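First comes the structure, then the notes that go with it.
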Amino acid sequence: MVAGLLLGGFYAAVSLGVSLIFGLLDIANIAQPAFVILGSYAAYVMNRSFGLDAILTGLLFTPVFYVLGAVVYRLYYESFERRGEESLRGLVFFFGVLFIIEVSLSLKYGVDYRLVEAAYIGKSIDLGGVGIAFRLLVPCLVGLAMTLALHLFLSRTFYGRAVMAVSQDRLALRLMGADPVRIKTIAFGVGIAAASLAGALLITIAPVVPSTDRDYIGRMFAITVLGGMGSIAGTLVAAVILGVAESLMSTFFGPSWSLAVSFGILLVALAVRPAGLLGR
Amino acid sequence: MHDVDAGYGAVRVLHHVSIEVREGETVALLGTNGNGKSTLIKCIMGIVRPEAGEIFLETDGTRVDLTKRPTEEIVGLGIAMVPEGRRLFPKLTVQENLLLGAYRPQARGDIARNLAFCFEAFPVLRARRKQLAGSMSGGEQQMLAVARALMSSPRILLVDEPSVGLAPILVNRVIGKIKELKERHHLTVLMAEQNFNQATKIADRGYIIVHGKIEFEGHSTQELREHELVKKYYLGV
Amino acid sequence: MAPALLEVDGLTKRFGGFTALNGVSLDVTPGERFGLIGPNGSGKTTLINCVSGALPADGGRIRFEGRDITAVPAHRRTRLGIVRSFQIPKPFTSMTVAQNLAIPLEYAAGARSDGADVAAEAMEILSTIGLESKAHTRPAGLTQIEMRKLELARAMAAKPKLLISDEAMAGLSSAEIDDILAILFRLNERGITIIMIEHIMRAVMRFSERIVVLDAGERIAEGTPDAIVRNPVVEKAYLGE
Amino acid sequence: MKPQRIRRWALTGGVIGALVLAGLGAPTARAAEPIRIGFGMALTGGLSANGKPALLAVQIWKDDVNKRGGLLGRPVELVYYDDQTNPATVPGIYTKLLDVDKVDLVISGYGTNLIAPLMPIAMERKLTIMGMFGLANNEKYQYPNYFQIQPAGPDPQTSTAIGFFELAAKQTPRPQTVAIVGADAEYPQNALVGARELIKKFGFKTVYDRTYPPSTVDYTPIVRAIKATNADIVFVASYPPDSVGMLRAAHEVGLQPKIFGGGMVGLQFTSVMTSMGPMLNGVVNYDFWAPEPTMLAFPGIKEFLKEYQARAEKAGVDPLGYYLPPYSYALVQVLGQAVEATKSLDQQKLADYLRATEFNTVVGKVKFGKNGEWAKGRTLMVQYQKVHGTGIDQFRGPGKKVVLYPEELKSGAIVYPYSAAKN
Amino acid sequence: MARSTRTLLVGLAVVGAGILLAALRVNPYVYFAGYVILQYVVIATAWNILGGYAGYVNFGTPAFFALGAYTAVFLIQSTRAPLPVLILAGGLVSGLLGLGIGYLTLRLRGVFFSIATLALSIVLQTMIINWEYVGGSRGLSVIRPSGPPFGSYVTFLFAVMVLLSVVAVTVARFIERSWVGRGLAALRDNEEAAECMGVPTLRLKLFATTVSGVLLGVAGAPFPYYVTFVEPTSAFNLDYAVNALAMPMIGGTTSWVGPVIGAVLLGTAQQLATVTISSEMNLFIVGVVLVAFVVLAPEGIVGLVRRVRGR
């Protein structure tokens, strides 16, 4: 149960980018997990070369990822959104991006499992009889911090509110004096920047290879959809639900079914209540 | 001092339309739907690009050409629009909608004051500020739309069809509010409206637009009310 | 009065908390030219969405030729003879104009035979409506009026008994409006019942034999164009109090 | 163009494409016709971390042989393709090797899944086939000309776990209960089957027996469930990411069985060892090679490792190469010796010789028995001891991975129970 | 009539040519590579019936393909049924799955549909992993029947695949040219307008998902005999999803020729790349080509050709 909660915090961190980009901007960026893995490798490289802490690296790299995200969005915008044919071909576009990132990584760094070192890996604290691993606790806390930060960004800043509004009514947003394309660029950049940190968290928790992204495509979108498409609080709740479900399945019914259960939940949710659990 | 002169000729919807609104005036743009009122307002906002003609904003003796500017910049110049159909952000709360209205950098400093004013003018919005905009009734939504436009501290307010989809009693209240706000804020108002009687209640003067042409210019409310064109074009007599 | 072709009885439709239609009833007789007007947002489009089957009704019954069709899916209603055009044209963008017509010809009018007949019939409809020169262009290359005509032509191809024309003239010039009106008159002469929803009063008043006025989701008046124009309730709805 | 014509064009295009493709690899005649050895290898995908070092080992052997003048006086040439760790590519690759590249000999790619699809091809064409780390591939086929280099022995399924459970049975106080857990994948499942058999044989009591999907992120719930059973023995059959996950979780949850480990793939990798550091201490795990004096006694191994380590960095593979590369080298060594001895490339003659002979290799003496497996199993059980920090150099020398099993290669004593060795 | 006879003749001619090629016993590698390429012709064509004609992007291709393969594995294990039975059964089971997916389209459109199919693929894979009888996660060796025509079993499979791809392409072409295809195109362009023009959209979508499912299952059914070793990771490989989508995208999605061209080009390129440059590069190229095509030539090669000719 506790493990599930911790895992949930981490899942939330991983899914925030999708929540923002897919949930709020309606851009089906299925390459997001690949950006996360890119973040993992950035953390790995810095950790190996300079002994820099993974999560610190993740934080330091957010501006780089922000710019990367902004560039990708501009390309996407010029190629698809402006022509008004975003959905299907955009999806394929990001599928291609996913592959390019994945393969570039394996060309550069090979396919060995990569991990990082940090003082807190392998240690745990005892809380009321339940040992809590720092390796999971730290990402969970960072994940919560990210969730909070994003929540504050969205609800307290002008840019954030504009991001929430942009997919609801572009024209009305322009009437507020905001440029939707610029807002989307910012939001996309932030989403990808979140991937930098999420990637760092990922490599802290488990070893990573370039193809690890495939394990997360489903989880990320499941969480986003369950969470109600773009609701930050919903994302957190859905992430925790998924984390707890996986943990409980592992503990009580045999771990081999845990993934199927997560996706079973997603399928049912999609079929019965497409607006998600906390859909507005 | 502010002097909008919009003369333009778009091939399809508007044909050589010229209107002007002087500072402090309330001007009504009358006509039934489909005659080009909304298009005209959209042209001013830069949402629809005129194919010919000019739209100017004159401020303190400087003329600013609006035709080549994107909507965002036009908003930045102090022109706010209450769009037809309200176009709120239905999945945001009332307060979030209002705060978005203050996106314009010049308005950000005045948020507290403007918000207080909006809540005072529309007490219902204060009561419902945590509610999602989409879940409110039509009248409340229209109030919110007007309030949201005011949050940008505009000098000129363009109102497009404020009465659409509202029960008669609500139309009355919305129109009344616009008048009240205009006076308190020293706004210049250009209102497109099909509800003739309601619009002429608050307008200083007005234009009747039919099939994309200005068919009649009434220099006073009186002149408008007495003109028979009104009935002819409204009911096709 | 002849037995009604379309009977709408106490139709109600809500969107969330908003009541778009509140117990609206109306009858349309065969061969009639029927006008449906009302200020913006009065529920006209919602009404025809319910009649054509695009939206399920929350209450009330719809009968067509005496048969209850309240629960019949939209495509079956089209085959029964209720055909609508869209206010904002919704052409099949990947097909040519002629191919756009082939869809209703095949699916609604039952012309399943080999290509030649369908093509000939499509061309015939296009020539009555004056679009034959554009038969092989795609909708993206059409002007506003041509798009409207395509919308009507496609509806005609479905061989309607009842044609619902939803603001087919918005944004057109006077000459173009006359053009469309002429087409609708011709269709009516061939025995097609027409419901016209329109803001252009000149057109509705000229076209309709009988008019029903909606305001705020309720039916407020019914009568001949003359009577409607003189009706103080209608005037109030339009001009305000 | 008429659609019909397009289709015909497209299909003929495809056929021509295939033919062109076939032609591309066609051998060009040369003066001193080399002996060509063909194989597919996992250079990408899940098993590539093992496939790449294996390739390097084979390349080193080729260079060694060619330096000495080749085989039968002919130079040796390798022809290999990436099988992407995907069995579906194997039939195509080997057909190309045999029919287009016209290789003289084939060896398998790395791993059970990549050997399996090769078996029918080998049988259809009556090839002599050398398998590189397959588990029980030949049990279903019983093909006589198949030989396998993994020292699993005549009973492959229990080979991973036998040392582990034998050691456990010898300890005092004797452990009683067992928890076994593994990933939903080919090797771990096979290892678990073997473990279950051995548990029965040694009379232990199973208190936990579960599997998990390889994409599991957090292993603490699993480890916690195991801890709740209070098992004396914890046997884990896992692939690299889950090995790391399980080991970390075991430390975090405070799992304290008497003996822990068994079939964890990945702990042998240098990159994993240097990351896990002291966390490894006390783990008893299977292995194939360790830099212990008993293992370094075999002829040629030191030279091979020196060469390997020199070339490893450039090839971007495991820098130490202690786990599998010696066996990959031994595999081609055996094949080379057979060719030299029979002075022939005849598949049947080679097979007969391979069946009958005991070979001397860098991994010791190799003799093939039933189903082409080693006549006698020799999977090591090692225990990580006295690992300090995460430096790579400590792993170069003896004492860190102490060989406990089999008896004849033993280089040290087990620290028991697990908790005693942990720190 | 004359035209459909001609189509039939062309189809038969292609099958005949395939069998002749098989009987010639040229270099066996041709059959192996040919099998893979033809398999992709079937997969791409099947995907395109739903994705291209109806506009519903299916990411669950691996689920359908693997279901066909595992249906075959099950039948081989239990009854050693002959290949035609395997193919029919594989198609049937996958078709049923397709029908189920079809009902999803009632509620899910666009991206949500795609995500649902992806999820479905994972659920199905987990089920197979936990089903020991068909090999579970360990995989299962399949022994081919002895004494196939043309001397070698793969040659025989190649001939079978020629037949299957002709069937698939014929079905796709028939759908495209018939009222069904026009109805699908209409609902792809605008589902609401299509419904209002009398197109029974739900029934057509169910038809498309079912046919697409059947053909994907059919493509998967001979797979166990081709590889002789089936395990979930490779049978459910995400590459099938990418290729199924990339091939029609590159070739052009609106006509039956597109997927065929795409499959032949990309399939051949991949086969070439596998045996020449590294397969990482191979995937890299697929990614780049895919992105380049959707950005620069959204209508694929067919669209490019049309544009050049139209000028």
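Letters go in sequence order (proteins before strands), and every chain restarts at 1. Computed from a predicted structure; not experimentally measured.
- Residues of residues 134-143 of chain D that come closer than 4.5 Å to chain E, counting heavy atoms only, are D:K140, D:Y141, ordered by residue number.
- Only the backbone of E:V142 comes within contact range of chain D, with at least one heavy atom under 4.5 Å from a heavy atom of that chain.
- Heavy atoms of E:L265 lying under 4.5 Å from chain D are absent altogether.
- Using a 4.5 Å heavy-atom threshold, the side chains of D:M119 and E:S141 count as separate.
- Here the straight-line distance linking atom OG of E:S234 with atom CG of D:L114 works out to 9.5 Å at 0.5 Å rounding.
- Distance CD1/E:I128 to CG/D:D184: 12.5 Å, rounded to 0.5 Å.
- Along residues 189-200 of chain D, the residues that come nearer than 4.5 angstrom to chain E, judged on non-hydrogen atoms, are D:Q189, D:N190, D:V193 in order of number.
- At a threshold of 4.5 Å between non-hydrogen side-chain atoms, the residues D:N86 and E:N237 count as touching.
- Put simply, CG on D:L118 and CZ on E:F229 are 12.5 Å apart, with the number rounded to the nearest 0.5 Å.
- For E:T254, the side-chain contact (heavy atoms from CB on, under 4.5 Å) test picks out E:R188, E:R306, with sequence neighbours left out.
- Both the backbone and the side chain of E:Y226 come within contact range of chain D, with heavy atoms under 4.5 Å apart.
- In terms of the salt bridge (charged side-chain N to carboxylate O under 4.0 Å, His left out) criterion, residue partners of D:R311 (sequence neighbours excluded) are, by chain and number, D:D63, D:E307.
- Considering all non-hydrogen atoms of both residues, D:P120 and E:T228 come closest at CG-OG1, 3.2 Å.
- Counting all heavy atoms, side chain and backbone alike, E:F32 lies closest to D:P91 at CE2-CB, 3.1 Å.
- Atom CD1 in E:I129 sits 9.0 Å away from atom OG1 in D:T211 (nearest 0.5 Å).
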